[in-house]
Amino acid sequence: MTNTTTTAPGPAYRDLSRLMSLMTGDEKHGPAATSTLDALWVLYDRVLRVTPETVDAPDRDRFLLSKGHGPMAYYAVLAAQGFFGEDLLAGFGSYGSPLGHHPDRLLVPGAEIGSGSLGHGLPLAVGSVLGLRAQGLTGPRVWVLTGDAELDEGSNHEAIAYAGPAGLEQLHTVVIDNASATYGRPGGIAERFRTAGWSVESVDGRDHEALYAAFTAPHPGRPHAVVARVAPKR
């Protein structure tokens, strides 16, 4: 007699459309959400060293969603990866649901910050890296996903200007560039990071292999920024 075992299929990108369709109601910010979908998926599926079992482990990677409005894609990816059951998605934004229109770190399993105030994720990520360094934890990586319009906020410019010269190698920033920023920058977003001493990659924000290559590019001694250009899905 031959014993055989079967392994349940893992999460798949094709599941995300169905999971996002479970979230209904007003204030969905659908285009803002879908612009982040591919970057979030590649990060959680292939890059981030964090699982539902290790959300409290000191050596886990940290992911901070600074682009907190329109978190539908974030919730769909977390559900697909098993951080919480998909049954929660149908209650998105309703009274009593843990899945609010902005993520709450005390209510959403896997969320590292409450990102109701836009423009603060990158400074918080800088502080997270400094905190890890102070504890002697040099292995965990800190990732933050921000929108291009958030870079209009002065707190982000201070964080960018500080992190490069400080050599915060554990810091990684993903900028979703959907051309929604109010102000232009000489040379574009990538140049803003590059002139501050960051390692920078610019990619098609829908191309999973390009995103993975950019996310995993070596950047010894420097923080790393990936500018992901996207046109929001409708």
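Note that these values count all heavy atoms, side chains included, but never hydrogens, waters or copies made by symmetry.
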Leu40 side chain near Leu145 side chain, heavy-atom distance below 4.5 Å: yes
Residues Arg46 and Glu209 bridged, charged N to O under 4.0 Å: yes
Which residues share a side-chain hydrogen bond (donor to acceptor under 3.5 Å, both in side chains) with Glu158, sequence neighbours left out: none
Rounded distance (nearest 0.5 Å) linking atom CG of Leu64 with atom CD1 of Ile113: 4.0 Å
Any donor-acceptor N or O pair under 3.5 Å, side chains Ser94, Ser97: no
Atom pair CG (Leu19) and OH (Tyr75), whose distance is rounded to the nearest 0.5 Å: 14.5 Å
Check: Gln81 and Asp45 side chains under 4.5 Å, non-hydrogen atoms: yes
Salt bridge present between Arg229 and Asp177 (N-O < 4.0 angstrom): no
Straight-line distance of Ser35 OG to Ile176 CD1, nearest 0.5 Å: 6.0 Å
Which atom of Thr34 lies closest to which atom of Met20, heavy atoms considered: CG2-CE, 3.7 Å
Val142 side chain reached by Leu132 side chain, heavy atoms, under 4.5 Å: yes
Flag side-chain contact, heavy atom, 4.5 Å: His120 against Glu153: no
Heavy-atom closest pair, residues Arg206 and Asp38: NH1-OD2, 2.9 Å
Exercise: identify the closest heavy-atom pair between Val230 and Gly205: CG1-CA, 3.5 Å
Side chains of Phe215 and Leu48 in contact at under 4.5 Å (non-hydrogen atoms): no
Derivation and outcome, side chain to side chain contact (heavy atoms under 4.5 Å, CB included), residues Phe63 and Val50: CA-CA 9 Å; Phe63 174 78; Val50 62; 5.9 Å; no
From NE2 (His69) to CE (Met72), nearest 0.5 Å: 13.0 Å
Min side-chain heavy-atom separation Leu171-Trp198 under 4.5 Å: yes
Of Arg60, Arg105, Arg62, the residue whose pairing with Glu112 passes side chain to side chain donor-acceptor pair (under 3.5 Å): Arg60
Stepwise side chain to side chain contact (heavy atoms under 4.5 Å, CB included) test for Asp59 and Arg49: CA-CA 9 Å; Asp59 61 348; Arg49 296 179 299 216; over 6 Å; no
Donor-acceptor pair between Ser66 and Glu150 side chains, under 3.5 angstrom: yes
From CG (Leu99) to OH (Tyr74), nearest 0.5 Å: 11.0 Å
Any donor-acceptor N or O pair under 3.5 Å, side chains Ser199, His224: yes
Pairs satisfying side-chain hydrogen bond (donor to acceptor under 3.5 Å, both in side chains), at least one member in residues 122-131, at least two apart: none
Shortest non-hydrogen contact from Leu122 toward Ala159: CG-CB, 3.8 Å
Minimal non-hydrogen separation, Pro109 against Phe84, with atom names: CD-CD2, 3.9 Å
Glu201 side chain vs Ala225 backbone, donor-acceptor pair below 3.5 Å: no
Close side-chain approach of Pro223 and Thr173, heavy atoms under 4.5 Å: no
Distance-minimising heavy-atom pair for Ala73 and Thr36: CB-OG1, 3.5 Å
Derivation and outcome, side chain to side chain contact (heavy atoms under 4.5 Å, CB included), residues Phe193 and Leu151: CA-CA 11 Å; Phe193 284 89; Leu151 298 183; 4.1 Å; yes
hydrophobic_cluster_shared for Leu78 and Leu107, side chain cutoff 4.5 Å: no
Whether His208 and Tyr13 hold their rings parallel, tilted or perpendicular, with breakpoints at 30° and 60°: perpendicular
Intermediate values then yes/no, side chain to side chain contact (heavy atoms under 4.5 Å, CB included), Asp148 and Ile189: CA-CA 8 Å; Asp148 58 331; Ile189 293 173; 3.6 Å; yes
Reported CH2-to-CG distance for the pair Trp143 and Leu43, which is rounded to 0.5 angstrom: 5.5 Å
Expected output: side-chain Thr216 to main-chain Tyr212 donor-acceptor under 3.5 Å: yes
Minimum side-chain heavy-atom gap Val226-His172 below 4.5 Å: no
Those residues that, when tested against Arg18, pass salt bridge (charged side-chain N to carboxylate O under 4.0 Å, His left out) (two or more places apart): Glu86
